[in-house]
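These notes are about the structure you will find just below.
None of the values given here were measured: they were computed from a predicted structure.
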Amino acid sequence: MLVGSYHNHPGYCDGSGTVEAYIATAWEAGLAAVGFSSHAPVPFPCDWTMTVERFQQYLTDVRAAQERWSGRFPVWLGVELDYLEPALVPEGMAFQRAVVLSSGLDYAVVSLHFMGRDPAGQLWAVDESAEAFARQLEEVYRGEVRQLIEDYYGLLVRLADWAARLDLPVVIGHLDKVKQWNVGERYFAESAAWYRAAVERALLAISRAGVPIELNTSGLRRPIAAPYPGEWILRRCRELGIPVSIGADAHRPEDVGAGFSEARALLGAVGYRETLVLTERGWETAPLA
């Protein structure tokens, strides 16, 4: 199978399991490669990212695994790197350059979690919890879900420009993560013209930046029961020529290839014939079939 799994969280951040367990599971599943993308440290308290100290151990452990598996199975060292809006975290990008991006990573999954501050003034992540989303919408956005959504995709526009200037291979993670709590279209309809316009602005920015996205299968394991992004967004990505990799967003070794059959079928259904694999030269295409 010419599909690698590049979005995986062993037990250094909010994930679980050892590096070796992920590698063995990926190898036994017939995947082309495995990459590690634990949540990178951030310059503020956060209970689901690595601390700086834990990050150093992570680097050591993944590099040791690369040595053990050299010549047998490709193992890649990455992180999931948050877009930290300068107006929200002024020191964020300097911290990332000094602490994370200077560490010799092979690649990064670049993602948007932090959107603003909650009613208590703490940094708020869009996927924190269903309760936190409802509270943010009511108390900060005064019930204006359209504004929340447009803020999210507006930040993705800026993420695309930032990601294109990073000096390593990158892929945008879980593009439409903002829908996570929208089970049964509780908050908004994806068919609404304003929603599609917000998505379109982000996709055009991603296309201009020349940055790939992942088809993230973790939503298939959540109540939303859909990948990130969904079919209609993925179809538009194909029309715009945006390359795609497949990511499990695994937080357990057994999920390292979860949903990949469904993802490959979906990619084929919307017109993709190739997916991305990581090489020493960066992202390269491989046949989807």
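The side-chain hydrogen bond (donor to acceptor under 3.5 Å, both in side chains) search around E274 returns none, not counting sequence neighbours. Applying the salt bridge (Lys or Arg N to Asp or Glu O under 4.0 Å) criterion to D249, with sequence neighbours excluded, gives no partner residue. Evaluation of the salt bridge (Lys or Arg N to Asp or Glu O under 4.0 Å) rule for E190 yields no partner, not counting sequence neighbours. Checked against side-chain hydrogen bond (donor to acceptor under 3.5 Å, both in side chains), E231 has the following partners two or more places apart in sequence or in another chain: R235. Residues that satisfy the side-chain hydrogen bond (donor to acceptor under 3.5 Å, both in side chains) test with E200, not counting sequence neighbours, are R236.
Between Y187 and W181, the ring center distance fails the sub-6.0 Å criterion.
Residue pairs meeting the ring-ring contact (aromatic ring centres under 6.0 Å, His included) criterion with at least one partner in residues 137-156, sequence neighbours excluded, are Y153-Y195. Residue pairs meeting the salt bridge (Lys or Arg N to Asp or Glu O under 4.0 Å) criterion with at least one partner in residues 55-83, sequence neighbours excluded, are E20-R68. Residue pairs that meet the salt bridge (Lys or Arg N to Asp or Glu O under 4.0 Å) test with at least one member in residues 210-226, sequence neighbours left out, are R221-D255. Counting only residues at least two apart or in different chains, ring-ring contact (aromatic ring centres under 6.0 Å, His included) contacts with residues 212-257 comprise H9-H251. Pairs passing the ring-ring contact (aromatic ring centres under 6.0 Å, His included) check and including a residue from residues 268-289, sequence neighbours excluded, read Y6-W283. Residue pairs meeting the side chain to side chain donor-acceptor pair (under 3.5 Å) criterion with at least one partner in residues 87-106, sequence neighbours excluded, are Q66-D106. Applying the ring-ring contact (aromatic ring centres under 6.0 Å, His included) definition to pairs two or more places apart or across chains, those involving residues 103-123 are H39-H113, F44-F114, W48-H113, W48-F114, H113-H174.
Residues R252 and E254 are paired through a salt bridge, judged by an N-O separation under 4.0 Å between the basic side chain and the carboxylate.
Of the residues listed (V110, V211, L105), the one engaging L166 in a side-chain contact (heavy atoms from CB on, under 4.5 Å) is V110, and it is the only one.
The backbone N or O of V109 lies less than 3.5 Å from no partner atom in the side chain of S37, so there is not a single donor-acceptor pair.
The line from CD1 of I246 to CG of L276 is 9.5 Å long, rounded to the nearest 0.5 Å.
With no hydrogens or angles considered, a side-chain donor-acceptor pair links Y83 and E85 at under 3.5 Å.
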